[in-house]
There are 2 protein chains.
Amino acid sequence: MAESKSELLLNLIKEYITQTLPSVSLDLVIFGFHDGQLKILLMRLLHTEHWCLPGGRIYQEEDLEAAAYRSLQERTGLHELFLQQFYTFGDVARYRHYTNREAIAKLGLPDWFTKDVNLISRDVSVGYYALVEFTRASPTPDLFADECRWWNIDEVPTLLFDHNRMIQVALKTLRRQLSYQPIGYNLLPDKFTMPQLQQLYETILGQSMDRRNFQKRILSYDILERLEKLQNGKAHKAPYLYRFNMDQYQKALEEERFLF
Amino acid sequence: MAESKSELLLNLIKEYITQTLPSVSLDLVIFGFHDGQLKILLMRLLHTEHWCLPGGRIYQEEDLEAAAYRSLQERTGLHELFLQQFYTFGDVARYRHYTNREAIAKLGLPDWFTKDVNLISRDVSVGYYALVEFTRASPTPDLFADECRWWNIDEVPTLLFDHNRMIQVALKTLRRQLSYQPIGYNLLPDKFTMPQLQQLYETILGQSMDRRNFQKRILSYDILERLEKLQNGKAHKAPYLYRFNMDQYQKALEEERFLF
DNA sequence: TCAAAAGTGTTCAATGTACACCCATGC
DNA sequence: GCATGGGTGTACATTGAACACTTTTGA
């Protein structure tokens, strides 16, 4: 079974070499939200304790964005997600702390591989971030990884390559995006309460906000529909459930007139 | 002489093939400002009437950003400029309206070239925009071009590839940048008047502003130093000259707290 | 002395911020 | 009945927008 996986991996590498663009790759910063925590999907590289961002390659006849969507779907099982390109990383030193020989050894690939294949090649990598609904995603490792799971954003370990920096840049872009576009769809369940939405904003921005002003502001943008109250059996007033009005939400996304 | 240039071109293409990264390139949207007009530097492709953005390739041991700076310097003669990555374009169709054979014929290269070289390959291209001082730049075509000159932004013709779209995206990013960072250094001469600065803002944003409110707002950010009055022999009150206080200007750039 | 363009200040509206009171619910 | 957390409204401060008058200068 381990043999078979190794063979699959060999085939995938061959496919990559013959059918994808050389020198370019993409990396995904996949954000989720659960228990009041912002989370990121990370992969553990085969036979190692090294974690990194999920990535992907671009097939010769595939659009860049399509490749990003495909990779995202392969890692989460989800489609129709929010996906946004945020920066392209191209420093030569990006890969310096991991040699080709090491990588091939770690992956358990035959030694002769080293001559023919640059597994750790110097790629320019296009960074995308995605917002996904934590409960619906099924983290799935690719053939290069043993494991794929969520990490709290403030507990992310030192990652391979320049992936920690990528997360920083992604988060910065996400925060900026928050100041002119609404957020929440794809990060929250279909129905959610106002305190939940506020918690999301506070978590992303890393600061707390006034409950009453938050509600006023969000409601003033007319992107929410109020539903029934949530009966959750807690010892306090039941909060209302809300749902995004997708027409209005889309309009706000396009017009970029949502100010926060 | 034409022979010699053709040889140089051949050598450059060989150098590109052997020493730069395949599948990745970069394109430059170089903004200048003159006579109250926002301008863009365009190149006319060798032996054609087709205009396009200046571009560049990345050497194997060169950082992406360094490659962008190098290309910018080659086209303008300037260094220490404002340069900002804004988006990476990777649609397969980007190149579709120009075949490899056509390109090679147009460039006056030998026909046998067609077999070996994909001059119009499917590249993912990283877009950068730059702000340069119109009067100091010396537009210089590369070996692929006959001509390199400024165009008013509202007179830009239909360009090759997806370059018109690139300009749109660059301009949109520039406008957004204007809302949280100061601008003007690298686009204006060292000393400039308040009306000049305002004209720059109005041109970039495409809307006129109140003279008095503009002045108040800009001055409140403490990034300007007032100098002597400008004696220009015009039949009206002489405006003050200003200069950017670079310490404050840099601080404002970094803190992104400049709100416009 | 007049037109053109620049400097400065005031008023008002809108927006954002701080803050207080009431309500529903389970223990 | 009380602690917890949620809903709503009001007062104040800050910011942004609209607007008018004065100054300098060359023709």
Side-chain angles (χ1 to χ4, degrees), chain A residues 35-36 175 178-182 184 188-189 191-203 205-243 252 255-260, chain B residues 35-36 175 178-182 184 188-189 191-203 205-243 252 255-260:
Chain A
D35 278 342
R175 282 179 178 151
L178 216 59
S179 71
Y180 58 87
Q181 286 183 333
L188 292 173
K191 299 175 179 184
F192 52 87
T193 65
M194 193 59 76
Q196 272 183 292
L197 183 60
Q198 180 173 352
Q199 200 177 37
L200 173 63
Y201 270 79
E202 290 181 342
T203 305
L205 293 176
Q207 61 183 34
S208 59
M209 297 160 149
D210 184 277
R211 197 166 54 86
R212 299 150 284 195
N213 294 334
F214 179 84
Q215 170 138 331
K216 246 182 299 177
R217 189 126 66 130
I218 290 285
L219 288 177
S220 78
Y221 291 110
D222 255 348
I223 55 170
L224 294 181
E225 284 168 16
R226 177 180 280 191
L227 307 170
E228 74 281 14
K229 290 193 176 182
L230 170 66
Q231 300 304 333
N232 54 5
K234 295 282 178 61
H236 54 77
K237 197 170 179 177
Y240 286 101
L241 285 171
Y242 290 90
R243 178 170 53 198
E255 291 173 5
E256 308 193 348
R257 283 266 153 254
F258 185 94
L259 294 178
F260 221 94
Chain B
D35 277 341
R175 281 178 180 153
L178 217 59
S179 72
Y180 58 87
Q181 287 183 331
L188 292 173
K191 300 175 179 186
F192 51 89
T193 66
M194 192 59 75
Q196 272 182 292
L197 183 60
Q198 179 173 350
Q199 200 177 38
L200 173 63
Y201 269 80
E202 290 181 341
T203 306
L205 293 175
Q207 62 184 34
S208 60
M209 296 159 148
D210 184 276
R211 200 167 50 85
R212 300 151 284 193
N213 293 334
F214 180 84
Q215 170 138 331
K216 245 181 300 175
R217 190 125 67 128
I218 290 284
L219 288 178
S220 77
Y221 291 110
D222 255 348
I223 55 170
L224 294 182
E225 283 167 20
R226 177 180 279 191
L227 308 169
E228 73 280 17
K229 288 193 177 185
L230 170 68
Q231 300 303 334
N232 54 5
K234 296 280 178 60
H236 53 77
K237 195 171 180 176
Y240 285 101
L241 285 171
Y242 290 89
R243 178 169 56 196
E255 290 173 6
E256 308 193 347
R257 282 268 153 250
F258 185 93
L259 294 178
F260 220 94

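Chain A is the first sequence line, chain B the second, and so forth, proteins listed ahead of strands; every chain is numbered from 1. Only a predicted model underlies this, so the values are computations on that prediction, with no experimental measurement involved.
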Novice: Identify the 5'-most and 3'-most nucleotides of DNA chain D with at least one atom closer than 4.0 Å to a non-hydrogen atom of chain B.
Specialist: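 Result: D/dA17 to D/dG26.
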
Novice: Taking side-chain contact (heavy atoms from CB on, under 4.5 Å) as the definition, give me every residue that meets it alongside B/Glu256, ordered by chain and number, with sequence neighbours left out.
Specialist: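 Listed in chain order: A/Lys172, A/Arg176, B/Tyr180, B/Gln181.
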
Novice: Would you please name every residue forming a side chain to side chain donor-acceptor pair (under 3.5 Å) with A/Asn213, sequence neighbours left out?
Specialist: A/Lys216

Novice: With B/Thr193, which residues qualify under side-chain contact (heavy atoms from CB on, under 4.5 Å), at least two apart?
Specialist: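 In terms of side-chain contact (heavy atoms from CB on, under 4.5 Å), with neighbours along the sequence ignored, B/Thr193 is linked to B/Pro195, B/Gln196, B/Leu230, B/Pro239, B/Leu241.
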
Novice: For B/Arg226, give me all partners under salt bridge (charged side-chain N to carboxylate O under 4.0 Å, His left out), at least two apart in sequence or on another chain.
Specialist: none

Novice: For A/Arg217, what residues pass the side-chain contact (heavy atoms from CB on, under 4.5 Å) criterion, not counting sequence neighbours?
Specialist: A/Tyr221, A/Phe260

Novice: For a quick check, with a 4.0 angstrom heavy-atom cut-off, what is the B/S/- contact string for nucleotides 7-17 of chain C, read 5' to 3'?
Specialist: BBBB------B

Novice: The criterion is salt bridge (charged side-chain N to carboxylate O under 4.0 Å, His left out); which residues satisfy it with A/Asp210, sequence neighbours excluded?
Specialist: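 Per chain and number, A/Asp210 pairs via salt bridge (charged side-chain N to carboxylate O under 4.0 Å, His left out) with A/Arg212.
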
Novice: Can you sort out the partners of A/Lys234 under side-chain contact (heavy atoms from CB on, under 4.5 Å), two or more places apart, ordered by chain and number?
Specialist: A/Asn232, A/His236

